[in-house]
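Nothing here was measured: the structure is a model prediction, and the numbers come from that model. Below, chains carry the letters A, B, ... as their sequence lines are ordered, and counting in each starts from 1. Computed from heavy atoms alone, side chains included, the values below leave out hydrogens, waters and symmetry copies.
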Amino acid sequence: MDVVHSTDVELVCKCLQVEHKTFYFDLKENPRGRYLKISEKSSGSRSTIIVPVAGIVWFVDLFSYYADGDDREPSSKELQLDNKVFHFEVRENAKGRFLKVSEVSLPSIRSTIIVPAGNEADEGWGAFRNVLAEIHETSQLIVTLPDGSVSSQQLSGTPELLGNLSDVVDTAAYMSSRNGKLVSQARPLRDGATNLLPSINHDTGGLITARVLRAKNKKFYFDLGSNARGQYLRISEVVPYCSIYCQHSL
DNA sequence: ACGGCAT
């Protein structure tokens with residue numbers, strides 16, 4: 001199924017357990033752009049839809065609509081993006097209510113995931129919406145630079161900063177070990193987090209102080225390096241595998 | 001601990 005020798009870079013990965021199902025969210029990037037791969041795994045079987053990055057915010061909106069469901073029966077929705085159409089449809093069977101999300105891309109390739117409604121506001125559709133919203137926010141924090149130069153980005157009003165921070169750091173670790181290119185770091189507004197970031201001093205030609213960041217049970221190493229293509233920041237993490245993140249977060 | 005969809 002999956003292409004083993006993929007050149008696509010993983011920017012963010014999250015997973016969500018709903019009832020007996022596990023959903024995997026992978027924000028990836030290749031030269032054509034970014035996309036979100038959403039997979040569901042249930043007792044061996046697995047299905048996947050691919051959402052172009054521009055569609056994530058619409059998915060947040062649509063899942064909000066279904067999760068916040070007022071009294072009347074929610075209607076089916078369609079979302080057209082690039083060359084695909086996504087169909088959203090609420091159904092019910094003996095096991096409960098669920099949302100069927102189908103992707104149809106031409107010529108006639110269809111894939112579907114089934115998202116259980118869940119029993120409370122913060123599970124099922126609501127939890128799904130929250131994960132999508134986090135990924136959307138994180139995607140905006142991550143900037144990949146084609147020329148390998150360092151830049152920092154001033155952001156304001158970012159909630160849940162530490163959660164987003166570790167996502168960004170994971171990305172940086174992956175990208176710098178892969179091709180030596182750089183990922184800019186968002187500057188958190190929360191004091192505790194700000195102090196842990198490497199400092200980039202533009203007055204001294206972008207000198208970076210190496211540091212170690214501990215977040216939860218993870219450890220990240222920040223090191224400044226340089227090669228023929230310029231200066232870069234290497235950020236290493238002890239356990240860089242997506243599947244292990246998911247196990248930890250469950 | 002499911003399992004839906006639909007080929």
Side-chain angles (χ1 to χ4, degrees), chain A residues 1-4 6 8 10 12-28 32-136 139 241-250:
Chain A
M1 274 308 197
D2 283 293
V3 179
V4 176
S6 172
D8 297 2
E10 187 162 73
V12 178
C13 67
K14 290 180 178 292
C15 63
L16 172 68
Q17 186 107 31
V18 182
E19 293 167 13
H20 185 248
K21 237 172 221 184
T22 307
F23 293 94
Y24 299 91
F25 301 79
D26 289 282
L27 181 70
K28 295 199 171 192
R32 294 175 55 201
R34 289 181 186 180
Y35 61 90
L36 178 62
K37 185 174 110 181
I38 306 176
S39 301
E40 71 158 73
K41 191 166 95 55
S42 175
S43 59
S45 71
R46 189 180 131 113
S47 41
T48 296
I49 60 172
I50 303 289
V51 184
V53 70
I56 297 174
V57 67
W58 294 106
F59 265 63
V60 173
D61 207 45
L62 283 159
F63 270 87
S64 292
Y65 168 73
Y66 289 111
D68 298 345
D70 41 30
D71 298 331
R72 61 189 171 76
E73 190 60 20
S75 58
S76 299
K77 301 283 182 191
E78 280 190 7
L79 172 64
Q80 179 148 19
L81 291 160
D82 304 337
N83 55 344
K84 348 185 125 165
V85 182
F86 294 92
H87 301 268
F88 292 74
E89 195 177 338
V90 175
R91 295 201 188 174
E92 187 160 8
N93 64 13
K95 299 291 176 99
R97 269 155 69 83
F98 58 90
L99 182 62
K100 184 179 78 158
V101 183
S102 299
E103 166 198 338
V104 179
S105 34
L106 297 176
S108 69
I109 299 169
R110 176 185 288 266
S111 32
T112 299
I113 61 170
I114 302 291
V115 185
N119 295 319
E120 297 168 28
D122 60 346
E123 62 179 45
W125 299 342
F128 207 96
R129 184 261 321 275
N130 293 341
V131 170
L132 288 165
E134 284 175 30
I135 290 171
H136 177 244
S139 180
Y241 295 108
C242 205
S243 57
I244 298 175
Y245 295 158
C246 287
Q247 285 168 16
H248 285 174
S249 67
L250 286 179

Using the salt bridge (Lys or Arg N to Asp or Glu O under 4.0 Å) rule, take Arg97(A) and Glu73(A) through it: C-alpha gap first, then chi angles, then the decisive distance, then the call.
CA-CA 12 Å; Arg97(A) 269 155 69 83; Glu73(A) 190 60 20; 3.5 Å; yes
With heavy atoms under 4.0 Å as the rule, sort Lys95(A) into base, sugar-phosphate or nothing.
base
Expected output: side-chain Gln80(A) to main-chain Phe86(A) donor-acceptor under 3.5 Å:
no
Going by the angle between their ring planes, with limits at 30° and 60°, are Phe128(A) and Phe63(A) parallel, tilted or perpendicular?
parallel
Specify whether Tyr66(A) and Phe88(A) have parallel, tilted or perpendicular ring planes, treating 30° as the upper limit for parallel and 60° as the lower limit for perpendicular.
parallel
For a 4.0 angstrom threshold against heavy atoms of chain A, report the outermost contacting nucleotides of DNA chain B in 5' to 3' order.
dA1(B) to dA6(B)
Residues Ile56(A) and His136(A): closest non-hydrogen pair is CG2-CB, 3.8 Å
